[in-house]
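Notes follow the structure.
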There are 2 protein chains.
Amino acid sequence: MLLPSKKRLQESYDQVCSHVHRTPVLTSSVLNEISSAKVYFKCENFQKMGAFKMRGAINAILQLNDEYRKKGVVTHSSGNFAQALSLAAKNLGVPAYIVMPSNAPTVKKEAVRSYGGLITESEPTLLARAAEATRVVEKTGATFLHPSNNTNVILGQGTAAIELLQDQTDLDFIFTPIGGGGLIAGTALATYYFGTSCKTIGGEPANMDDAYRSLKSGIIETNHGTQTIADGLRTNLGDINFPIIKELVEQIIRVEESEIVAAMRLIWERMKIVVEPSSAVPFAALLKEKEHFRNKKVGIIISGGNVDLSNLPFK
Amino acid sequence: MLLPSKKRLQESYDQVCSHVHRTPVLTSSVLNEISSAKVYFKCENFQKMGAFKMRGAINAILQLNDEYRKKGVVTHSSGNFAQALSLAAKNLGVPAYIVMPSNAPTVKKEAVRSYGGLITESEPTLLARAAEATRVVEKTGATFLHPSNNTNVILGQGTAAIELLQDQTDLDFIFTPIGGGGLIAGTALATYYFGTSCKTIGGEPANMDDAYRSLKSGIIETNHGTQTIADGLRTNLGDINFPIIKELVEQIIRVEESEIVAAMRLIWERMKIVVEPSSAVPFAALLKEKEHFRNKKVGIIISGGNVDLSNLPFK
């Protein structure tokens, strides 16, 4: 297959970096002890709107010419990408049309509106959302941007790993969560082009292990269940990101729900940072197979920090 | 009165800084908007053991000569200072005797033990704790260190504000919580000596407003109640820190419990950091009187991040 080139990834980075925060890389001696590794957390929970998705959204809009930008962008999402695209579009003076299921939580709709996103509601099925997005495209001429299965979105997400590798050049591994596949595909490209024998590992909820099974079978598998606390990871891979993942991702490690919550709690308690359940999945994966990574230098992309404080999993 | 000198504070800083983390100063455009000020959060929740108290504990031990260090240090505390003194002593190879009330939560005793502190239990009254501490001093020859009413502890706590003023030289105000008075006294000294027309402001729970009343009356007033979510602030001022506070603190602003929780929630949600209720008190104070501080540059000492995640106040 043909991977997106290093030059294209570098160009994305050069353009994206002035529009996003350079997030810090944090470490914790206690978590190093617990994991038997040297762990470098790239804290995208401190990113604008609270998640790495801002990077992909910015990059996808930046690649549009003025004529397309004027007409706007469309996506269907009820999660972080809806907010990211709204804010990225607002910052670049572009209209953003967000298709959300009618039963999406009010707090999520309000967040999109607060960033200037124009919401169109659809019936709460994937099919209805896609149909509504198509109608918006036809009506407005806006460009549809998929949250994870879009090359420019993937390249944008990869810029977090580029920064991580600038700050810590000698990483042996970079772990990310794997949901729709955009973050891990971008990270794998960045690691391949900018790392020094660094490999990319995915962490995935065992309850939602489509990516694990896809890597085994070589074709895109779908999820059967929808039950995981890692709500950002309840999505399937796509035909643009899967070939990159198949080519460049070393391994996918599956973790149980209790392991996700325990890893999340460790991060909150020991690092004093607020991270989403999805963000704790790669650290849970490291802890699960820690013998395999003993004394290695491991980067972890903390994907975001947007949680409902009224509904936390800690008992 | 005679204030501790600038030279002595500078010497404390020179000694302390290699034993503690240089914590980051974080900002948030959303919180700037909400408060109508430019706010610089000095994040001592990222300090070793999770609170600024590490600084005072380290400084107090460093000022002891070898003979005294060998005999160890004693304190009575069930909070952050017990943990801070245990860890500081461990890092400097000194025994730490911690007197804790017999009914202290197991998790707090375990935290002290995990840092190497040697616990002596006492009856759960202030008098019994003080008597037990005296017995330990007599038995071991160790030096008693009060958590807040000790000059070297005060100077150590002041080093956080020195760093904040190094990073942001043009602050108009520095806000801290006020409980036992050690942090605000040290901060006021640092602000006086190292700031440029910078003033120190205290935030205090209205339910526990001994410092507010003391500043009004000119003598040390005591607390009548014990009810505040800001559990680090349930203590009274002392005869060593109060004269410094009286001389150098500009104002104390009282805040209601609901204002503390709301400010805490804003910090968690918008900055994605875990902070204690006590840490939210100065930000709540700024929000309460925001007209008075409009467009000013305000430093805030985030005192710590040790919370029980199983028992959060968010509804």
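So that the names make sense, note that chain A is the first sequence line, chain B the second, and so on, each numbered from 1.
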Do other residues, nucleotides or ligands put more than 12 heavy atoms under 6.0 Å from A:K288 NZ?
yes
When you measure from the side chain of B:K272 to the backbone of A:F46, do you find a donor-acceptor pair of N or O atoms at a distance under 3.5 Å?
no
Hey, is the main chain of B:F314 close enough, under 3.5 Å, to the side chain of A:S310 for a donor-acceptor pair?
no
Quick check for you: among A:V307, A:N306, A:L312, which has the greatest number of heavy-atom pairs under 4.5 Å with chain B?
A:N306
Trace of the side chain to side chain contact (heavy atoms under 4.5 Å, CB included) decision for B:V274 with A:I273
CA-CA 5 Å; B:V274 171; A:I273 61 174; 5.8 Å; no
Heavy-atom pairs under 4.5 Å with chain A - which of B:K48, B:R265, B:R270 has more of them than the others?
B:R265
Can you tell which part of A:D308 gets under 4.5 Å to a heavy atom of chain B, answering side chain, backbone, both or neither?
side chain
